[in-house]
Amino acid sequence: MTTTPTPSASLAAKGLARRQVLQALGAGVTGIMAGHTAFARALAPDQPGAVQEAPHADAVTAAQQVPFHGIHQAGIVTPRPANGIMAAFDVVASSLDDVERMLKLLTERAAFLTLGGPVPGRDPKLPPADPGLLGPVVSPDNQTITLALGDSLFDRMPELRPLKPVRLQRMVQFPNDALESSLCHGDISIQFCANIQDANIHALRDIVKNLSEFLVMRWMVEGSVPPELPDATGKTASARNFLGFRDGSANPDSSDAELMDRVVWVSAPDEPEWAHGGSYQAVRIIRNMVERWDRTPLKEQEDIFGRRKDSGAPMDGPADATEHDVPDYAADPDAAVTFADSHIRLANPRTAESDAHLMLRRPFNYSRGVMKNGQLDQGLLFICYQADLEKGFIHVQNLLNGEPLEEYIKPIGGGYFFAVPGVRDAGEYLGSRLIDAARRA
């Protein structure tokens with residue numbers, strides 16, 4: 001005989017079953033949360049116990065040091081740390097002697113800041129010798145300070161004008177640009193890079209304080225690079241920009257010295273001898289219209305870049321392809337897979353002539369708050385280095401004029417500069433070969 005349950009009995013049974021399911025789910029969630037908590041504790045077992053305590057520093061990264069002396073300046077082919085600042089200055093100097101004193105003092109400060117060490121004491125009645133941001137002992141923290149000269153410095157000084165690098169020029173406005181004069185050009189640029197942004201800010205303030213006789217800041221932009229976990233093979237992917245795509249795919253290998261000699265370092269016979277070993281620096285402050293971009297369909301975003309957003313792989317790659325796979329344009333002559341006006345196909349069509357236009361990109365993401373129209377002021381602090389400014393950045397930018405990506409980006413500032421050769425030993429200073437050449441002339 002089959003017994004039909006009463007409505008109340010049926011509801012009770014359902015309630016019991018529901019409670020059992022919820023209890024099981026609760027146990028599962030508790031287990032997952034416990035696992036996450038244990039994992040988090042394993043990664044960071046010594047979290048500070050009070051809100052006023054500073055985050056724990058890493059002694060290993062704080063001690064990392066990039067050698068200051070060398071044939072080339074650091075901060076160009078040097079592996080890019082997590083933070084950077086690009087600053088441009090106008091030089092207040094009326095003579096070659098003033099410029100020489102400025103360069104010597106800048107070299108002295110840069111050498112100390114990259115090496116680190118105890119801050120010298122001073123009479124309490126005088127301003128402190130150091131801003132104090134990093135405490136009484138300055139950690140190197142992978143600090144690099146890279147000096148580059150603008151064409152305005154050469155044009156203004158008769159002694160330097162004949163020695164200006166052949167391809168150095170004033171940055172002009174491209175069709176999609178909306179350049180703001182307060183964010184453009186400069187007599188010199190200084191690129192600060194370090195593991196932590198406070199190290200860059202400390203170095204910047206040190207330079208501003210100690211060289212106030214010679215330098216007036218024109219503009220500056222702070223940037224950062226999001227860290228990436230290495231994959232199973234130990235290889236680290238390129239960082240993502242604020243549009244969510246990997247930025248740096250297909251960059252020439254900065255660890256290949258022979259390639260860098262060809263792509264980055266100046267050695268052309270028509271360039272002044274003092275400039276050999278330096279590099280042309282192009283800086284562009286590129287605002288991203290992130291609100292508009294975030295409302296754009298994923299397929300359209302990928303077609304605009306010519307890469308998959310998740311992996312950075314080219315559009316014609318297999319499912320397991322990575323950003324390191326090379327697109328095969330010959331197999332796609334009608335541009336049905338990677339569009340002809342996609343960013344990567346325009347910038348590097350991968351023809352026999354393309355290698356002549358390579359450059360080393362070293363950008364940072366920037367975020368400068370909110371604009372008056374209520375939109376986020378975010379974008380890319382684009383920095384690149386090349387042996388030939390005209391064949392490198394200028395040529396590639398002209399290829400990109402009119403690309404679909406222009407609907408979402410707006411260059412607003414930057415400039416062209418020449419990164420001087422490195423300081424080979426204690427007998428030299430930044431730009432010393434330029435000054436020597438000017439005195440001989």
Side-chain angles (χ1 to χ4, degrees), residues 58 60-89 103-117 130-131 133-134 138-149 186 188-208 210-211 215 220-225 227 239 248 251 254-255 257 260 264-266 277-283 359-366 381-386 417-426 428-432:
D58 188 319
V60 174
T61 58
Q64 289 175 338
Q65 182 187 332
V66 179
F68 177 75
H69 293 99
I71 298 174
H72 311 295
Q73 281 194 83
I76 299 177
V77 300
T78 310
R80 186 179 44 166
N83 293 281
I85 292 177
M86 178 60 72
F89 299 82
L103 293 172
K104 285 182 174 180
L105 181 55
L106 178 58
T107 302
E108 176 189 316
R109 297 315 304 158
F112 167 74
L113 293 165
T114 56
L115 176 64
D130 182 88
L133 276 68
L134 304 181
V138 174
S139 298
D141 247 315
N142 255 340
Q143 181 80 68
T144 59
I145 297 173
T146 309
L147 170 70
L149 310 180
I188 70 169
S189 75
I190 304 180
Q191 174 194 269
F192 301 87
C193 300
N195 293 329
I196 61 172
Q197 196 66 298
D198 276 18
N200 291 321
I201 295 170
H202 170 266
L204 172 66
R205 285 177 54 180
D206 184 286
I207 297 297
V208 168
N210 286 288
L211 280 90
L215 299 179
M220 63 161 283
V221 177
E222 298 180 44
S224 62
V225 182
N251 220 15
S254 60
S255 65
M260 292 299 97
V264 172
W265 307 121
V266 166
S279 185
Y280 286 96
Q281 178 194 73
V283 182
M359 53 187 168
L360 184 68
R361 291 162 288 154
R362 207 172 184 272
F364 294 88
N365 296 331
Y366 79 81
L381 176 56
F382 178 87
I383 306 167
C384 70
Y385 295 92
Q386 55 262 289
F417 304 90
F418 186 81
V420 301
V423 177
R424 290 173 291 192
D425 52 48
E428 290 189 337
Y429 56 91
L430 290 167
S432 59

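Because the structure is predicted, anything quoted here is derived from the model rather than measured. Positions are given from 1, in the same order as the sequence printed here.
Contact of the Gln73 side chain with the Val420 side chain is registered, since non-hydrogen atoms from C-beta on lie closer than 4.5 Å. Counting heavy atoms from C-beta on, the side chains of Leu149 and Phe417 never come closer than 4.5 Å.
Remark: side-chain polar atoms of Thr78 are not paired, donor with acceptor, to backbone N or O of Ala74 under 3.5 angstrom.
For the pair Ala282 and Gln386, the tightest heavy-atom approach, listed with the atom from each and the gap, is N-NE2, 4.0 Å.
Taking the six-membered ring for Trp and thresholds of 30 and 60 degrees, Trp265 and His72 have nearly parallel ring planes, at less than 30 degrees apart.
Here Ser279 contributes atom OG and Leu360 contributes atom CG; the two are 8.0 Å apart, rounded to the nearest 0.5 Å. Rounding to the nearest 0.5 Å gives a distance of 11.5 Å between NE2 of His69 and CZ of Arg424. Here the straight-line distance linking atom CG of Leu430 with atom CZ of Phe68 works out to 4.5 Å at 0.5 Å rounding. A distance of 9.0 Å separates CE of Met86 from CZ of Arg362, quoted to the nearest 0.5 Å. To the nearest 0.5 Å, atoms OG (Ser224) and CG (Asn200) are separated by 11.0 Å. Of the inter-residue distances, the one linking Thr146 atom OG1 with Tyr385 atom OH reads 5.0 Å to the nearest 0.5 angstrom.
In the model, Asn142 has a side-chain atom that pairs as donor or acceptor with a side-chain atom of Asn195 under 3.5 Å.
Within 6.0 Å of CG on Leu133 lie more than 12 heavy atoms contributed by other residues, nucleotides or ligands.
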query = Should Asn210 and Glu108 be marked as a side-chain hydrogen bond (donor to acceptor under 3.5 Å, both in side chains) after you check the CA-CA gap, both sets of side-chain angles, and the distance that decides it?
reply = CA-CA 10 Å; Asn210 286 288; Glu108 176 189 316; over 6 Å; no
